[in-house]
Amino acid sequence: MQTIASGPTGATTAASSVRSPLFDGPFEGSERAAELIARIGDFIDGELAALVREQGIDHEHGADKATLQRVWRRSHELGFYGMTLPTKMGGLGLSLLDHVLIKESIYASGSPLAPHVFGELSGPPRVGALARYATPMQLANFIVPVAQAEKAICFALTEAEAGSDPGALQTQARLEGDTYVVNGRKRFISGSPFADYAVLMASTSDNPERREISAFFVDLRQDGVEVKAGYKTMAGQSTTGDILLTDCRVPAANLIGEPGRGLALALGRITVNRLLHCPGMVGLATVALKDARDYARTRRQFGRPISQFQAIQHSLADMATQLAAARALMISTARQLDAGGDARADASMAKLFCSEAAFRIADAAVQIHGGEGIVQGRRVEFLFRMLRMYRVLTGTSEIQKNIIARELLGEAP
C-alpha cells in the first residue's frame with residue numbers, strides 16, 4: 001500500500017513508496033504488485049493529476065466521455081486497464097490479494113479519476129467473469145473491444161422493484177424467431193451514461209410464477225434503447241442512469257450462456273465481487289484519516305495545534321484502529337480465497353465491516369475539521385457522503401448480515 005504523502009488537506013498526491021497506509025510496515029503483496037503500484041502511482045501523480053488540473057475535474061464534477069476514453073486508452077497502453085482479466089485476454093494473472101492491494105492504492109491516492117484506472121464503472125471488471133461463457137462472436141464484438149479500452153460496458157441488473165431481490169426483476173425478453181424483444185426499465189445502473197453496451201438481465205419465462213433470468217449483450221445505441229441520466233447520487237456524482245427498453249430487438253446470438261442462467265452468471269463471482277468493493281472503501285477511508293491528521297496538525301485553537309488535544313488524539317487513534325481492522329479482514333479474506341477456501345461469510349463480513357468502519361472514519365474526520373468539514377467542496381465532506389453510500393451499494397449492510405447469519409446457522413439461502 002502506498003503511504004499517502006503529507007501535504008495540504010485536499011491534495012490528491014500519493015508517494016510512490018509501497019507501505020501500509022499511514023504507518024511504516026512490510027508490504028503484504030508480491031514484488032510484482034509493488035512494482036505495479038509504484039508505476040500506477042506515477043501515472044496518477046503525473047498524467048492524471050495534470051489532466052485533473054487542466055480540466056477542473058473533481059469528485060463532484062466528473063470528466064466527459066471523451067476525457068474518460070482518453071484515460072482508459074492511456075491506462076491500457078501502460079498495461080493497467082486490463083490487468084485483472086484472465087491471462088488469455090491479456091491479464092496478468094494476479095492473485096486476489098495483489099488485486100486488492102493494487103486497487104486499494106489507487107483509491108488511497110485521492111484522485112477523482114481513481115475509478116477509471118481499472119475501468120471500475122465501465123471496463124474490464126464488468127466483463128472478466130463472462131469470458132468463459134461468451135461465444136467467439138460475443139468475445140470479438142463485445143468483450144475484446146472493452147478489454148482494449150475501445151468501448152465501455154455497464155452491468156444492468158437493478159430495477160425499481162428488484163434491488164436486494166434480483167430475482168424479482170420485471171424486464172421481459174420474448175423470443176420471436178432469432179430475436180428477443182425486450183421491454184423494461186433498469187434503475188441506478190453504474191457507468192450507463194458513458195457505456196456503449198450493457199450486460200442486461202431479463203426474464204425469458206412465459207410464466208410469471210417461474211423465475212427464468214437470462215443475460216444478454218445489448219447495444220445501447222440501437223433502436224428501442226434510451227439511457228436516461230442526469231440525476232445525481234448524494235455524493236454529487238452523475239455516473240449512474242436508467243436504461244429504458246421499448247420493443248428493443250436483441251439478436252438471439254447475444255444471449256450469454258444458456259436461457260435461465262443469467263442470474264447464476266451474475267452471482268457466480270459474488271463472493272469475490274463483495275471483497276473487491278472493500279479496497280475502494282479502505283482506500284477512501286485512508287484519505288479521510290490522512291486529511292483529518294493533517295488538518296489537526298495545522299489547525300490552531302487556544303494557541304496550539306488541535307492535534308495536541310487529547311480528544312483529537314483519541315479520535316485519530318480510534319480511526320486508525322478501525323482502518324487497520326478493516327484492512328486486516330480484507331486481506332485475510334483475499335488470502336483465504338486465493339487458497340481456494342469457501343469465504344462466503346468472510347466476504348460478507350469484510351463488505352459489512354469495511355463499509356461501516358469507513359463511514360465512521362469519514363464521520364470522525366468531518367468532526368475533526370469542524371466547520372470546515374461541512375463546507376461543500378471540501379474533500380472530507382465528499383468522502384462523508386461517498387462512504388455513506390457504500391453502506392447501501394453492492395448489497396446493503398442488512399443483506400450482508402443475512403448472509404453471515406445463514407452461513408453461521410448452516411441454513412440454505
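- Listed for the Gln138 side chain is a donor-acceptor partner under 3.5 Å among the backbone atoms of Thr135.
- Within the 4.5 Å cutoff, the side chain of Leu85 has no heavy atoms near those of the Ile143 side chain.
- Judged purely by distance below 3.5 Å, without hydrogens or angles, the side chains of Glu356 and Ser397 pair a donor atom with an acceptor atom.
- Surrounding CZ of Arg360 are more than 12 heavy atoms belonging to other residues, nucleotides or ligands, all under 6.0 Å away.
- Without hydrogens or angle criteria, His59 side chain to Gly110 main chain gives a donor-acceptor distance under 3.5 Å.
- Expressed to the nearest 0.5 Å, how far OG of Ser75 lies from CD1 of Ile40 amounts to 7.0 Å.
- Atom CZ of Arg391 has more than 12 neighbouring heavy atoms from other residues, nucleotides or ligands inside a 6.0 Å radius.
- Using modelled atom types, one side-chain atom of Arg32 and one backbone atom of Leu92 make a donor-acceptor pair closer than 3.5 Å.
- Of the possible polar contacts, none joining the Thr271 side chain to the Ala347 backbone as a donor-acceptor pair under 3.5 Å is found.
- Using cut-offs of 30° and 60° for the angle between ring planes, the Phe43 and Phe80 rings count as tilted.
- With Lys186 contributing its side chain and Met201 its backbone, the two residues share a donor-acceptor pair below 3.5 Å.
- With Phe359 as reference, Phe384 is the one residue of Phe384, Phe353, Tyr390 to meet the ring pair (Phe, Tyr, Trp, His ring centres under 6.0 Å) rule.
- Counting heavy atoms from C-beta outward, Glu104 and Met330 have side chains that approach closer than 4.5 Å.
- No donor-acceptor distance shorter than 3.5 angstrom exists from the side chain of Gln322 to the backbone of Ala358, with no hydrogens or angles considered.
- Minimum interatomic distance between Val366 and Gly373 (heavy atoms only, all atoms of both residues): CG1-O, 3.8 Å.
- With hydrogens and angles ignored, the 3.5 Å screen pairs a side-chain donor or acceptor of Glu159 with a backbone N or O of Gln170.
- Taking the six-membered ring for Trp and the full ring otherwise, His99 and Phe118 have centroids separated by under 6.0 Å.
- Tyr107 approaches Val287 most closely through the heavy-atom pair O-CG2, 3.8 Å.
- Ile306 CD1 to Ile368 CD1: the interatomic distance, rounded to the nearest 0.5 Å, is 7.0 Å.
- Between Phe309 and Arg304 there is a side-chain heavy-atom pair separated by less than 4.5 Å.
- Looking at Ile189 and Thr240, their side chains never come closer than 4.5 Å, going by heavy atoms from C-beta outward.
- Residues Glu47 and Val71 are not in side-chain contact: their nearest non-hydrogen atoms beyond the backbone lie 4.5 Å or more apart.
- Ion pairing between a basic and an acidic side chain is recognised when a charged N comes within 4.0 Å of a carboxylate O; Arg126 and Glu120 show no such pairing.
- The CD1 atom of Ile361 lies 11.5 Å from the CE atom of Met281; values are rounded to the nearest 0.5 Å.
- Salt bridge annotation for Glu161-Arg187: absent, with no cationic side-chain nitrogen under 4.0 angstrom from a carboxylate oxygen.
- Pairing each heavy atom of Ala357 with each of Ala326, the nearest pair is CB-CB, 4.4 Å.
- Between the side chains of Glu212 and Ser203, no donor N or O sits under 3.5 Å from an acceptor N or O.
- A side-chain N or O of Arg274 and one of Gln400 form a donor-acceptor pair less than 3.5 Å apart.
- Arg378 places no side-chain N or O within donor-acceptor distance of the main-chain N or O of Glu381, the cut-off being under 3.5 Å.
- Distance check: Tyr295 OH to Ile312 CD1 gives 10.0 Å after rounding to the nearest 0.5 Å.
- Contact check on Arg344 versus Asp342 returns a salt bridge, with a Lys/Arg side-chain nitrogen under 4.0 Å from an Asp/Glu carboxylate oxygen.
- Atom CG of residue Asp42 and atom CG of residue Leu78 lie 10.0 Å apart, to the nearest 0.5 angstrom.
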* Asked: Do Phe27 and Ile37 pass the side-chain contact (heavy atoms from CB on, under 4.5 Å) test, and can you show the C-alpha distance, the side-chain angles, and the key distance before you say yes or no?
  -> CA-CA 11 Å; Phe27 179 62; Ile37 287 173; 3.6 Å; yes

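- Side-chain N/O atoms of Ser315 and Gln367 include no donor and acceptor closer than 3.5 Å.
- A salt bridge links Glu60 with Arg385: at least one charged nitrogen is closer than 4.0 Å to a carboxylate oxygen.
- With respect to Asp196 and Lys65, a salt bridge is recorded, a charged nitrogen being found less than 4.0 Å from a carboxylate O.
- Side-chain contact, Asp318 with Thr321: no donor N or O sits under 3.5 Å from an acceptor N or O.
- Taking a 6.0 Å sphere around CD of Glu54, one finds it holds more than 12 heavy atoms contributed by other residues, nucleotides or ligands.
- Between Asp294 and Arg297 there is a salt bridge, since a side-chain N of the basic residue sits under 4.0 Å from a carboxylate O of the acidic one.
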* To do: For Leu245 and Asn183, run side-chain contact (heavy atoms from CB on, under 4.5 Å): C-alpha distance rounded to whole Å, both residues' side-chain angles, the deciding distance at 0.1 Å, then the answer.
  => CA-CA 5 Å; Leu245 303 110; Asn183 286 277; 5.7 Å; no

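- Residues Ser214 and Ile256 are not in side-chain contact: their nearest non-hydrogen atoms beyond the backbone lie 4.5 Å or more apart.
- Annotation: side chain of Val225 is not in contact with side chain of Asp219 (no heavy-atom distance under 4.5 Å).
- The two atoms that bring Asp291 and Leu383 nearest to each other are OD2-CD1, 4.5 Å, heavy atoms only.
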* To do: I would like to know whether Thr158 and Leu169 meet side-chain contact (heavy atoms from CB on, under 4.5 Å); could you show each step before the answer?
  => CA-CA 8 Å; Thr158 303; Leu169 60 82; over 6 Å; no

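- Enclosure of atom CD in Glu77 by more than 12 non-hydrogen atoms of other residues, nucleotides or ligands within 6.0 angstrom is indicated.
- Minimum interatomic distance between Ala152 and Val146 (heavy atoms only, all atoms of both residues): C-CG2, 4.4 Å.
- Ring geometry for His116 versus Trp72: interplanar angle of 30 to 60°, hence tilted.
- To the nearest 0.5 Å, atoms CG (Leu36) and CD1 (Ile102) are separated by 4.5 Å.
- Residues Leu94 and Met83 share a closest heavy-atom pair of CD1-SD, 3.8 Å.
- Between Asp242 and Lys228, none of the side-chain N atoms (NZ, or NE/NH1/NH2) sits under 4.0 Å from a carboxylate O, so this pair counts as no salt bridge.
- Side-chain N or O atoms of Ser355 include one that pairs as donor or acceptor with a backbone N or O of Lys351 at under 3.5 Å.
- For the pairing with Leu275, the side chain to side chain contact (heavy atoms under 4.5 Å, CB included) check across Val100, Leu329, Ile270 returns one residue only, Val100.
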* Trace of the side-chain contact (heavy atoms from CB on, under 4.5 Å) decision for Tyr197 with Leu220 -> CA-CA 5 Å; Tyr197 309 127; Leu220 297 180; 5.6 Å; no

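- Under the 4.5 Å side-chain criterion, counting only non-hydrogen atoms from C-beta, Asp346 is not in contact with Leu337.
- The backbone N or O of Ala195 sits nowhere less than 3.5 Å from a side-chain atom of Ser122 that would complete a donor-acceptor pair.
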